[in-house]
Amino acid sequence: MFALVDVNNFYASCETVFRPDLRGKPVVVVSNNDGCIISRSVEAKALGINMTAPYFKIKDELHRNQVTVFSSNYALYGDLSNRVMMTLEEMVPAVELYSIDEAFVDVSGIANCMPLETFGRQIRERVLKNTGLTVGVGIAPTKTLAKLANFAAKNWQQTGGVVDLSSRNRQRKLLALVPVHEVWGVGRRISKKLGLMGIENALQLADSSTWVMRKHFNVVLERTVRELRGESCLAFDEFAPSKQQIICSRSFGQRITAYRDMHQAVCAYAERAAEKLRAERQFCCAVSVFMRTSPHAQNETFYAPQSSGRLTVPSNDTRDIVRVATHALQAIWKEGFRYMKAGVMLSDFFSQGVAQLNLFDEYPPRPDSHALMQVIDRLNHSGRGTVWFAGQGIQQSWAMKREMLSPRYTTHYPDFPIVR
DNA sequence: TCTGGGGTCCTAGGACCC
DNA sequence: TCTGGGGTCCTAGGACCC
């Protein structure tokens, strides 16, 4: 039996935890670069503010309605996320972290001790007490149904934020009420096509033939159908599989037109990607770089090239990654465009395990690599200062916009709230 | 002027092998 | 005259998720 626990309006809620004066008022969080809306408080939703609405387009409307706007503060959200997950770990035998604000938890066996709904309420109370955040809990025999139960918990007030879909009857009743595009795994494209086939709600999808779904779509949708019927196809995964790729990409605060600036940005992203790679304790062989102009710009040709290079020896040394990334950039750079965004992607990973030992033996990595990288990573995490390679520059005219950033209440000493 | 960032899985098609 | 069939690996692209 699965329970899906997720935090309501996560980013917006994180902001109000430290600003009690804003509770009950409309609050939104905008994406990196203050681009578009990515989280809204209940009050902001009630005003009809859309998810992913471009900020610059609705700025006046937000102001008129006295909506408080925050730039995204991932240091804060990441820290609060950890606290929520730690609370869950204390309460159940196994937790599968699904995203920054969601987790599947294993509640098999709980039903022997107490009704599952009661347990759901205990989770809510405990998380609220420990973090000040409110979660919704959906309980069901499959992950897809648990997601749906969670949807119901969020959307119907009278559930009190907890829905137990153990009973087959309740499953079918809910399925009939939910539009098919709310089903986990059914996005815009597929729901449109399903609509043409006369399938509009989740119950109709659950009752459709698995082989027809497989023929017209694919095995993924077939699994979804089975899951909706109560047949579990997606297993509980307590230990996150290691990553296949790492991406660091960002839009620029202002368009880049000069090679020097792009070179800085690519170096900065390569550095960050290498840091993530080391955090995963992995080594990579492939490094690719991409950049793009704005797809929205009128009267400008869209240009979005990509290039990749390889390392002969798996490495996670910033110097190696930066070198290949720079080389790849040179291959695709063209003057005369106004670049909006760039990114660095690492793939083809190896862990420093048994299988690859001989690779390292034949071409030993730089002897100082491990020690140097460790010192850099420690310094950058100590809160005492930051060091970086010269390539990314000091005056970053392209750095992203974050004009409405909240303090780092939990991760930066000078910003800690003071209790009097 | 201004439109996020970071992932996963699956499939089709081409290259290549015997 | 008659020119196979089956397999693997890789890549690009599409769909989805939060």
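No hydrogens, no waters, no symmetry mates; every other heavy atom, side chains included, goes into these values. By convention in this document, chain letters (A, B, ...) are assigned in the order of the sequence lines, proteins followed by strands, and residues within each chain are numbered from 1.
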Between A/S41 and A/K25, what is the shortest heavy-atom contact and its length?
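In terms of heavy atoms, the two residues are closest at OG-O, 3.3 Å.
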How far apart are the closest heavy atoms of A/R40 and A/I49, and which atoms are they?
NH1-O, 2.8 Å
How are the rings of A/W333 and A/Y339 set relative to one another: parallel (under 30°), tilted (30 to 60°) or perpendicular (over 60°)?
tilted
Relative to the ring of A/F18, is the ring of A/Y409 parallel (under 30°), tilted (30 to 60°) or perpendicular (over 60°)?
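Ring orientation of A/Y409 relative to A/F18: parallel.
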For [X], which contact category applies under a 4.0 Å heavy-atom criterion: base, sugar-phosphate, or nothing?
| X | result |
| --- | --- |
| A/K147 | sugar-phosphate |
| A/D101 | sugar-phosphate |
| A/V29 | nothing |
| A/N33 | nothing |
| A/R402 | nothing |
| A/I100 | nothing |
| A/F10 | nothing |
| A/K341 | sugar-phosphate |
| A/V30 | nothing |

Answer yes if the side chains of [X] and [Y] hold a donor-acceptor pair under 3.5 Å, and no otherwise.
| X | Y | value |
| --- | --- | --- |
| A/S369 | A/D317 | yes |
| A/Q264 | A/W398 | yes |
| A/E15 | A/Y77 | yes |
| A/Q245 | A/S347 | no |

Reading DNA chain B from 5' onward, which residue's closest nucleotide shows up sooner: A/I246 or A/H296?
A/H296
Reading DNA chain B from 5' onward, which residue's closest nucleotide shows up sooner: A/I247 or A/R255?
A/R255
Enumerate the residues from residues 211-245 of chain A whose closest heavy atom to DNA chain B is under 4.0 Å, giving them by residue number; use none for an empty result.
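Hits under 4.0 Å, by residue number: A/V219, A/V220, A/R223, A/K243, A/Q244, A/Q245.
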To the nearest 0.5 Å, what is the distance between CD (A/E96) and CG (A/L4)?
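With rounding to 0.5 Å, CD (A/E96) is 9.5 Å from CG (A/L4).
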Segment of DNA chain C, first to last nucleotide, that comes within the 4.0 Å heavy-atom reach of chain A:
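On DNA chain C, the outermost contacted nucleotides are C/dA15 to C/dC18.
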Could you go through the salt bridge (charged side-chain N to carboxylate O under 4.0 Å, His left out) check for A/R226 and A/E222 one step at a time?
CA-CA 6 Å; A/R226 291 181 189 277; A/E222 180 188 347; 2.9 Å; yes
Give me the distance, rounded to whole Å, that separates C/dG4 from B/dC16 when you measure between the C1' atoms they each carry.
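The same atom, C1', in both gives a distance of 16 Å.
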Salt bridge present between A/E300 and A/R338 (N-O < 4.0 angstrom)
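Salt bridge flag = yes for A/R338 with A/E300.
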Any donor and acceptor pair, going by atom type alone, linking the side chain of A/T142 with main-chain N or O of A/S232 inside 3.5 Å?
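Checked: no pair found.
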Can you list the stems that include DNA chain B, where a stem is three or more consecutive Watson-Crick or G-U pairs with distances under 3.5 Å?
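When the pairs of DNA chain B are grouped into runs of at least three, the stems are B:5-18 with C:5-18.
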